[in-house]
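Below is one structure, written out as structure tokens; comments come after it.
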Amino acid sequence: MGIVVAKFGGTSVGSGERIQKAANSVVNEYMQGSKVVVVVSAINKTTDESIKLVKESIGDTVTSKQLAGILSMGEMQSVRIMAATIESLGVKSEYIDPFNEKWPVITDSDYLNAKIDREETKKRVQEHITKLINQGIIPVICGFLGKDLEGSVTTLGRGGSDVSAFLLGHCIDADEVVIVTDVKGVMSTDPRKLDNAEKLDKITVEEMVDLANYGAQVLHPNALRYKDPDIKAKIISFEYGDLRVHGTDIIGPAHPEDEVISIMKLNEKLSVIAVVGEDLMNKQGIIADITKKVSDNNIGIYGISTGESSITLFFEEKDAIKAHEVLHELVIGGDRLSSLSLGQKIAMISVVSHDFIDTPGIIASITKPLHENNINIVELSSSQTSVVVFVDWGDGDRAYELIRETLK
Ligand code: ADP
Ligand code: ASP
Ligand code: MG
């Protein structure tokens, strides 16, 4: 039996009955031989209510430091209730808040969006929290909160207790992190927006990070930075009162590095095709027509980007002649597209990192060394977590090395 970090979100501790259910699930896991570390958020909408109260009472003059201190009260309350409920079930438990000398999560002084000091936190977890679980005590730790080097309370940003859970899991070398929330797992979309959303059995770290970065509230986008590939993780519903229930497993990451997850140059040569036409942005269904034509001919697309008057597509070189032929049929078969060109051989380099979303200038730092070395970028596309650069095939290896150098 191993170490389990269980995080309970606000709704999961939203009433006396729910707190009891949560505590029961923790105690059951403990009785089956696991060492359990509990992380709790503020009860229900406590954080939202505190923010509203501050707005009405103090307004804009509230300082970040004051607000962090006020918001921290939510988690300070819930850990006390949770630890006492666990004790009422006959197992020793200790709540840990930032004023406790055993508090592990150390951050900088950006009070409302604090950056974690990984090394210091790891040291403290191993010094204090590991000791507690080895003594058979269940620690209950405030999610969302940190402490800076001056001893002031900080917060990790809204929804930050997911970050606390994975951070503690990483530092304590947990076997599993269990996120207990108000949905059965990660769904095909937000079930509050579409009621036919379906639960997924599993999702990769990479998919989950993109989903979270684009707004899926179910997990904080920064949480999976601390997910080690060999630590199991899942999101489950509080309803069952059982930490062993199945929800959605989070698998990976495939590339376990702290900052840049991966820089990859595709082995295959690609070819680029540009299809042009007037005012393409306002012509509906053009992309659908193009991708259907290509997929009907069993050709895969490596990249696609759209502009006012052109759509650029990247294919494997071996498919290029066929793609050129079938797309030409589409161009001459209607009057919405005017012409197309089959261009040079292309290399594709993709960079995936959790840091893109909050690192201004990251794209510039990738493109600048290419520019300085006279490497022409044929196309560049980016999402919240990845940047894909297309260059001439002959420049591919050099570009790959330069990007690796700059992001090291
Ligand atoms: P907690 O308080 O437990 O941290 P949150 O409210 O932060 O819970 O996150 C859970 C909510 O995330 C769900 O109630 C749901 O509305 C929302 N959500 C958004 N996208 C998804 C998704 N793809 N799958 C599941 N839940 C989602
Ligand atoms: N209580 C905090 C919030 O509402 C943290 C969390 O719920 O994860 O943002
Ligand atoms: Mg949340």
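Each ligand, and each atom within it, is numbered from 1 in the order the structure gives.
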Basic-acidic side-chain contact under 4.0 Å: E239, K184:
yes
Among all the protein's non-hydrogen atoms, which is closest to atom 17 (C) of ligand 1, and how far away is it?
D190 OD1, 3.7 Å
What is the closest protein heavy atom to atom 9 (O) of ligand 2, and at what distance does it sit?
R158 NE, 2.7 Å
Heavy-atom contacts under 4.0 Å between S161 and ligand 2: side chain, backbone, both, or neither?
both
Can you tell which part of T181 has a heavy atom less than 4.0 Å from ligand 1: side chain, backbone, both or neither?
both
Quick one: does K193 get a heavy atom under 4.0 Å from ligand 1?
no
How close does the nearest protein non-hydrogen atom get to atom 10 (C) of ligand 1, and which residue and atom is it?
D182 OD1, 3.4 Å
Does a side-chain heavy-atom distance below 4.5 Å link E127 with V125?
no
Atom indices of ligand 2 within 4.0 angstrom of T47 heavy atoms, with elements:
1 (N), 2 (C), 3 (C), 4 (O)
Decide whether the shortest distance between a heavy atom of E75 and an atom of ligand 2 is less than 4.0 Å.
yes
G159 N/O under 3.5 Å from ligand 2 N/O
yes
Could you tell me whether Y302 and F315 have their ring centroids closer than 6.0 angstrom?
no
With a 4.0 Å cut-off on heavy atoms, is G160 in contact with ligand 2?
yes
